[in-house]
Amino acid sequence: MSSDEFVVTPWHVEGDIDYDKLIKRFGTQKISNELLLKLQKITGEDHFMLRRGIFFSHRDLNLILENYEKGEEFFLYTGRGPSGHTHIGHLVPWVFSKWLQDKFNVNMYFQLTDDEKFFAKQDLSLAQTTNFALENALDFIALGFKPEKTKIIINTKNIKTLYPIASQVAKKINFSNTKAVFGFTNDTNLGMIFYTSLQSAPCFIEDKQVLIPLGVDQDPHFRITRDIAPKINKTKPALIHNIMIPSLLGPGGKMSASDEKNTIFTTDSPEVVKKKINKYAFSGGQPDIDEHRKIGGNPDIDVSYQYLRIFFEHDDSKLKKIYDDYKSGKMLTGELKSILIEKINAFLSVHQQKREEARKNINDYLLKD
Ligand code: TRP
């Protein structure tokens with residue numbers, strides 16, 4: 001695959017993604033400075049994920065904010081396909097969603113698509129994906145969403161709520177629409193073909209506009225949802241997209257929960273985190289120390305640096321110092337990795353505790369239909 005070729009679909013991400021090109025290809029809007037300032041004005045905060053372009057693109061976010069300023073409420077929705085344990089890349093849109101819930105004091109729906117992952121993955125049973133859904137729910141709850149304003153939807157458990165809405169949606173989508181968007185063929189199973197209508201359903205669960213923070217690979221589903229919304233007399237969902245989080249093995253591919261050694265899971269022990277980062281994290285450093293001191297490293301392709309930028313180091317001046325020191329050769333790859341290992345393990349020790357506590361109150365979050 002040549003350097004300007006890349007693939008971004010809900011089920012397949014490959015190549016080195018050029019996000020400006022992707023905005024053009026998908027027809028989304030870049031988050032402008034003006035929009036950033038507006039978000040800052042309303043929330044009273046400058047969130048590092050916005051400032052650093054981790055959330056880089058949107059559809060109708062300006063409308064959501066305009067309406068909000070006129071007193072019109074919205075709600076939040078995001079989701080996860082439970083194909084395995086949660087990895088740290090998944091937490092990006094969830095942490096951001098939690099921030100939005102706090103700032104706007106709005107309802108949040110979280111969809112766990114155990115059906116989707118069963119349809120999409122040859123080697124997973126439905127019992128397994130449903131079990132992962134419950135495990136992933138713990139990670140979501142652990143981030144501190146307000147129980148009175150948050151509902152978790154598990155597709156196979158909450159079909160009674162979803163099905164009437166999905167039916168409205170499904171009637172307006174024909175096979176050539178989904179085929180064009182997802183590249184389905186005659187071998188594609190029926191579950192996959194119907195699935196978009198289930199991912200659309202939570203958009204219309206309340207009679208308000210919805211804002212969806214999501215990985216940009218999920219945009220195609222909601223492009224379809226936005227097309228059909230007026231046909232069922234509903235408002236189009238608004239979206240805010242985050243970049244794909246690189247796997248440990250480096251740029252060109254998102255973190256995939258199906259590959260153990262490419263990924264840091266929220267359930268990993270401190271020893272496992274240390275081993276994975278030291279052994280697998282793609283480095284922008286030089287092959288030997290002398291050369292590294294002379295030429296310096298490349299933080300822009302270094303996965304450890306990228307994880308600090310995307311998630312773990314919120315302080316811009318500390319991040320800049322790491323960037324400069326690594327680039328000049330003053331900081332070695334091993335030193336950079338040990339900063340990251342410490343940050344991840346500090347985060348996970350708190351997270352894992354909250355995750356266990358969440359087992360006790362998961363029932364307060366599960367949607368009852
Ligand atoms: N299809 C998504 C995945 O594989 C899961 C999902 C369902 C989702 N609803 C969503 C993701 C809404 C983002 C927003 O992860």
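Atoms within each ligand, like the ligands themselves, are counted from 1 in listed order. The figures here come from the full heavy-atom set of this structure, side chains too, leaving out hydrogens, waters and symmetry mates.
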Trainee: Report yes or no: do Y195 and L124 belong to one cluster of Ile/Leu/Val/Met/Phe/Trp/Tyr joined by side chain heavy-atom distances under 4.5 Å?
Mentor: no

Trainee: Could you work out, with salt bridge (Lys or Arg N to Asp or Glu O under 4.0 Å) as the rule, every residue matching K343, not counting sequence neighbours?
Mentor: E313

Trainee: Would you say the side-chain atoms of H85 and N136 include a donor-acceptor pair closer than 3.5 Å?
Mentor: no

Trainee: Counting only heavy atoms and a distance below 4.0 Å, can you name the residues contacting ligand 1?
Mentor: Y77, T78, G79, R80, G81, Q111, T113, E116, K117, Y195, Q199, I212, L214, Q218, F222

Trainee: Would a 4.5 Å heavy-atom cut-off, applied to side chains only, mark M331 and I322 as touching?
Mentor: yes

Trainee: For residues 290-299, pull every pair meeting side chain to side chain donor-acceptor pair (under 3.5 Å), keeping only residues two or more places apart or in separate chains.
Mentor: none

Trainee: Restricting to side-chain hydrogen bond (donor to acceptor under 3.5 Å, both in side chains), what partner residues turn up for N107, sequence neighbours left out?
Mentor: E206

